Amino acid sequence: MSASLSRAINVLKKVIDAPIASYLNSCVHCGLCAEACLFYTETHDPKYTPIHKLEPLRRLYRQEYTLIGRLLKAIGLAKPITDAELEEWKELVYNSCTMCGRCSLVCPVGNDIVYMVRRLREGMAIAGHAPQGMITVTKRAIETGSPMGIKLPALKFQLSQIKAETGIEIPLDQEGAEYMLLLSSMEVINFPEFITAVAKIMRQAGKTWTLCSEAFEATNSGIQIGVSEIAEEIVSRIVDGAEKLRVKTVISPECGHAFTALRWEGPNLIGRPYRFKVRHILEVLDEFREQGILKTSGPEDARMTFHDPCQIVRMGGVIEPQRRLMQMVAKDFVEMPDSGKYNWCCGGGGGVSANEDAKELQLIAFQRKKEQLEAVKAERLVTACANCRIVLEEGMERYRMDVPLVGLTELIADHLVEANNVGGTG
Amino acid sequence: MNEFQLLAFARGIGFQIAVAIFLMGMMLRLTEIYSLGRKPNLAEPRLVSGASGWHTLYRRFAPPPGMLQTAYITYIGGYVFHIGFMMVFLLFAQHIKMIQELTGLSWPPLPAPIIDFITVVTLVAMLVVLVDRVRAPVKRFLSGFGDYLAWTITFLPVLTGYLAVKHLFLSYTTLLALHIVSVEIFLVLLPFTKIAHTATVWPSRWFNGNTNGRKGVPV
Amino acid sequence: MANHGVELLDQLASQGVSRRSFLKYCAALASLMALPPAAGRAFAKALVSAPRPSVIWLSFQECTGCTESLTRSHAPTLEGLLFNSISLDYHHTLQAAAGADAESARQEAVQKNWGKFLLVVDGSVPMKDGGVYSTIAGVSNYDLLMETAKGAAAVIAVGTCAAFGGLPGARPNPTGSVSISSLVHDKPVINLSGCPPIPAVMTGVLAQYLAFGTLPELDSLGRPKAFYADTIHDRCYRRPFYDQGKFAKTFDDEGARQGWCLFELGCKGPVTHNACATTKWNDSTSFPIESGHGCLGCSEPGFWDAGSFYRALSQSANPLQHAKGALVAGAVVGGAMAVTNRGFKMMAAHVHAPSNVADLEK
């Protein structure tokens, strides 16, 4: 057994817990999870059945943690896990899984399949069986602080650009601010409008906020590739920054996995609860709306629909705020079929969009989203995840669809009622 | 061994052994599964009504939107076979007598003709799900020896029970003995095959509902 | 021979049995055995005219219940009288002779009728410790049986003890009792099981042998199909209640008073092959179920060991006998698994070196 394989088996033995054991014993091979997975529905290839992606984990569990499995192993009747097998499973565990969690929602026996994929990735990554694209991104995140290699000077440059264009000063490293905003690299480079939008909204709401120069990056490729230590390091940067600035709430930007990584995995990675709250930007906007400090005008007539990012909705628990916010700005807001927690993934989550080997599969899987979009015939598509945005744009380009796409925060900011005292409290 | 001796064995020492292996197996399996434990979740929970492990326990009985149409054989076949199996097991007079002996609990039975009908429907549903398992690409792909074994040991008690009640093909004594023996095989293998889901499905649903319910997602 | 026929009819007449009722009896016997009506006349003719075949009756480990059933149940019986048409040369319960006289009578009968006599046996044969648990005149049952069977035309094992081992053979079977058919292999053995067997079954078989010189067709347990093909349940007058699901729950509830099915009270009728429900007992008066008690299954092998007479067939005999031990064993093995599993997990966590990005590439 190679050193890396024994490390992989070791780490898998470490992460197998009672829920996983319970799930693996409950599966009755009904095949319903396949119908919930867009990689199966768009290819009809049975190997993409979600539970099948866990085969190495299931076998290891049986061999290590069940009496029958141990006996079979002792007499040489158990098929051992091999490096070659893990390499073969790379396609199933990484390329064809966006960790969207839809399988976990339909399994009749209640198996949380995505929970297990997340754990299996721990072993795969450590044995060197993660896709090269994701390895590159993860290394960059650790070495430069951002998966796209964005460093502080680049951010500062964007902030000065914003100031030059809009006259808005973006606060940086302001101790004691109520909110600390995180960004995804994608937003810094591709969608700086997001930063402006938040600034305008904060100004109208009269809230203090800041960016943190030591921790502005929200994304966490450690979670996606499946290495807890790396994920922990990335989360710790944010925790240190937020606690240093003594902010009350850290805002996760319009990025799906950044939110689940920080909000739901983070405390478990660092082994303690935070001393601050974590909210997704949509949750913050909805709070402002409820408090009456988010005022918008002129709902648009255009037919709009909302793409629910899996990590924010099904995996993150932010389900209703975006609907209430959409109602503020769209007269004709239509839900896609299977919206909300049942939404279909864009096809590029869970690291797939960073994985060159998976590009073709990602675009095939996009047909599911295409079908949904065609069903509602929206004139505008709104979402709240920078990664979904890129993937949706790629998909629509491939299938020659022409639906303008916008982030919800920006859309709200576009409709802000600029009060008389604009900047008065800023 | 003649049929009466087989019956005496099945009702006597055979059943004792089967029950003993079943109880031992379940105790072992449940201990080895749930003693693995899980780490406490340190993330601040989001409390939403309807999102908890307890809700998922019953919510998973219903198919998610659209799934019934997509996989109607799996769902309808599954419902009919599970409900039919449980009804025949729990509402047949002779079975109630046995349960009463074991637990002291009893309830009124369904009339025999209704039980007969349910049994036939259950057998048909089981055959349908078997054919589907062999024909549907995903199920065929996922299925191995364990799946067909589990099907067989579940099917035989229903079949032999029906034949015994109806006095078909073999003498009642032989069929009753075979029926009890098939139940014994079912009991013995239950903890060690996928039929163990009868026990683990509840904690599984609860874990899933709990994990996601903490995030405010009613799964 | 004609003399003998006249003798029998005279005897019958002297006991108040007319020629007509004798013929009716023969017809009834024929119909009971599912033989054509003409067989009844053949019976009658044979019974009054056939030579009296020699019968030797050996009693081993038995309680005399079978003999009682066949000879003394009520008097006068046609069954009893039927014995007049056979020459019962040895029956140590019934004969007057005793000691060496009796034994020499037996030996004489055996030699005189070598190859022609019927051997009737009741009781099982103890095999343990050289068969010392039952001897007659110092001869073990086994030796007596084997010696006598050699000269017999056929062996009729009367009663469940002779047929299947019966009570002496019940667990723990201290004397190592076995059935006749497990010892005698070179002669036809007819099992007339029951505890005791029905008198008409005995006479029916004898009548057939007398009338036609043939032995009846047997089921897989060596019992005449004519009497043992159906179960008690098949012919039970309470069967409609079973089919409707109407069961007496106790021996004194309303269901019991209404004559509902006794299945739940332990009736073994569904698995017991015998003719009780049709021939009945005590001059066709009734049979156990008619008296309100379930069938014990006495004509089936091992019926003593089939659990309580009062447990329904669908109930197991003490299913939880080993439950506690099993749970403890499961907990112990499960506990061992739990400890080792947790140990492996902890070891894995301990061995696991924190990974860094360098580990990601092979």
Side-chain angles (χ1 to χ4, degrees), chain A residues 16-36 40-41 44-47 49 51-52 65-68 101 104-112 115 260 263-268 270-274 277-278 313-319 337-338 341-342, chain B residues 28-29 32-44 46 48 51 56-57 60-61 63-67 70-71 74-75 78 133 136-144 146-147 150 192 194-197 199-212 214-219:
Chain A
I16 288 171
D17 57 5
I20 292 181
S22 188
Y23 298 151
L24 292 174
N25 277 292
S26 298
C27 179
V28 292
H29 287 167
C30 70
L32 289 173
C33 51
E35 302 296 344
Y40 172 74
T41 62
H44 289 284
D45 188 337
K47 75 176 175 182
T49 304
I51 199 73
H52 176 64
Y65 289 136
T66 69
L67 179 65
I68 299 285
S104 296
L105 193 61
V106 307
C107 175
V109 296
N111 286 353
D112 196 345
Y115 177 93
T260 38
R263 175 71 173 89
W264 301 115
E265 294 229 27
N268 298 312
I270 65 169
R272 66 167 172 88
Y274 299 145
K277 289 185 192 310
V278 175
V313 183
R314 184 163 45 241
M315 303 293 288
V318 182
I319 303 173
D338 296 332
K341 68 178 179 184
Y342 289 111
Chain B
L28 157 69
R29 292 304 331 276
E32 78 181 6
I33 292 169
Y34 297 103
S35 66
L36 281 168
R38 67 168 178 163
K39 285 188 182 166
N41 195 338
L42 302 170
E44 168 211 359
R46 183 207 306 277
V48 168
T56 304
L57 268 188
R60 285 293 160 110
F61 283 119
M67 288 295 283
T70 312
T74 308
Y75 275 107
R133 183 165 290 286
V138 169
K139 280 191 192 158
R140 186 173 59 217
F141 177 78
L142 293 177
S143 300
D147 296 276
F192 306 103
K194 72 172 182 177
I195 309 173
H197 80 273
T200 59
V201 61
W202 315 112
S204 290
R205 285 183 181 180
W206 188 87
F207 279 135
N208 189 346
N210 176 264
T211 307
N212 290 290
R214 284 182 65 94
K215 303 188 203 169
V217 187
V219 292

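Naming convention: chains lettered A, B, ... in sequence-line order (proteins, then strands); numbering from 1 in each chain. All values derive from a computational prediction rather than experimental measurement.
Each of B:Ala136, B:Pro64, B:Gly216 has some count of heavy-atom pairs under 4.5 Å with chain A, and the biggest count is that of B:Pro64. The residue among A:Ala36, A:Gly101, A:Ser104, A:Ala34 with the most heavy atom pairs within less than 4.5 Å of chain B is A:Ser104. Of the listed residues (B:Gly37, B:Pro137, B:Pro203, B:Ala199), the greatest number of heavy-atom pairs within a distance under 4.5 Å of chain A belongs to B:Gly37. Ranked by heavy-atom pairs under 4.5 Å with chain B, the first of A:Cys30, A:Pro337, A:Pro273 is A:Cys30. The candidate from B:Arg29, B:Arg214, B:Arg140 with the greatest count of non-hydrogen atom pairs under 4.5 Å with chain A is B:Arg29. Chain B forms more heavy-atom pairs under 4.5 Å with one residue of A:Leu32, A:Asp45, A:Asp338, A:Val278 than with any other, namely A:Leu32. Across B:Val219, B:Thr70, B:Asp147, the residue that shares the most heavy-atom pairs under 4.5 angstrom with chain A is B:Asp147. Contact tally against chain A (heavy-atom pairs below 4.5 Å) for B:Ile33, B:Val217, B:Leu28: the top residue is B:Ile33. The choice from A:Thr49, A:Val106, A:Val28, A:Thr41 that makes the most heavy-atom pairs within less than 4.5 Å of chain B is A:Val28. Ranking A:Pro19, A:Pro267, A:Cys27 against chain B, the residue ahead of the rest is A:Pro19, based on heavy-atom pairs under 4.5 Å.
The closest donor-acceptor contact from the side chain of A:Tyr23 to the backbone of B:Asn208 lies under 3.5 Å. Put simply, the side chain of A:His29 gets close to the backbone of B:Leu142: a donor and an acceptor are under 3.5 Å apart. A donor-acceptor pair under 3.5 Å links the side-chain atoms of B:Glu32 to the main chain of A:Leu67, judged by distance alone. Judged purely by atom type and a 3.5 angstrom limit, B:Arg38 has no side-chain atom pairing as donor or acceptor with the backbone of A:Ile16.
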**Request:** Evaluate the criterion side-chain contact (heavy atoms from CB on, under 4.5 Å) for residue pair B:Arg46 and A:Trp264; output intermediate values, then yes/no.
**Result:** CA-CA 10 Å; B:Arg46 183 207 306 277; A:Trp264 301 115; 3.7 Å; yes
**Message:** Could you go through B:Ser204 and A:Ser22, starting from their C-alpha distance and side-chain angles, then the distance that decides it, and tell me whether this counts as side chain to side chain donor-acceptor pair (under 3.5 Å)?
**Reply:** CA-CA 6 Å; B:Ser204 290; A:Ser22 188; 2.8 Å; yes
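For a residue to count as touching a neighbouring chain, one of its non-hydrogen atoms must lie under 4.5 Å from one of that chain's; by this rule B:Phe207 touches chain A with backbone and side chain alike. Interface remark: A:Tyr342 contributes side-chain atoms only to the contact with chain B (heavy atom separation under 4.5 Å). For a residue to count as touching a neighbouring chain, one of its non-hydrogen atoms must lie under 4.5 Å from one of that chain's; by this rule B:Thr56 does not touch chain A. With a 4.5 angstrom heavy-atom cutoff, A:Val313 touches chain B only via backbone atoms. Interface residue B:Tyr75: only side-chain heavy atoms are found under 4.5 Å from chain A. Contact annotation for A:Ile20: neither backbone nor side-chain heavy atoms come within less than 4.5 Å of a heavy atom of chain B. Interface residue B:Pro218: backbone and side-chain heavy atoms are both found under 4.5 Å from chain A. For A:Tyr40, the part lying near chain B is the side chain, with the backbone staying farther off; criterion is any non-hydrogen pair under 4.5 Å.
B:Lys39 has its side chain out of reach of A:Asn268: every pair of non-hydrogen atoms, C-beta onward, lies at least 4.5 Å apart. Between A:Arg263 and B:Lys215 there is no side-chain heavy-atom pair separated by less than 4.5 Å.
Heavy-atom minimum distance, B:Leu36 versus A:Ala21: CD1-CB, 3.6 Å.
Rounded to the nearest 0.5 angstrom, A:Leu105 CG and B:Arg60 CZ are separated by 5.5 Å. The CD atom of A:Glu265 sits 12.0 Å away from the CG atom of B:Leu42 when rounded to the nearest 0.5 Å. Rounded to the nearest 0.5 angstrom, B:Glu44 CD and A:Lys277 NZ are separated by 5.0 Å. Expressed to the nearest 0.5 Å, how far NZ of B:Lys194 lies from CG of A:Asn25 amounts to 13.0 Å.
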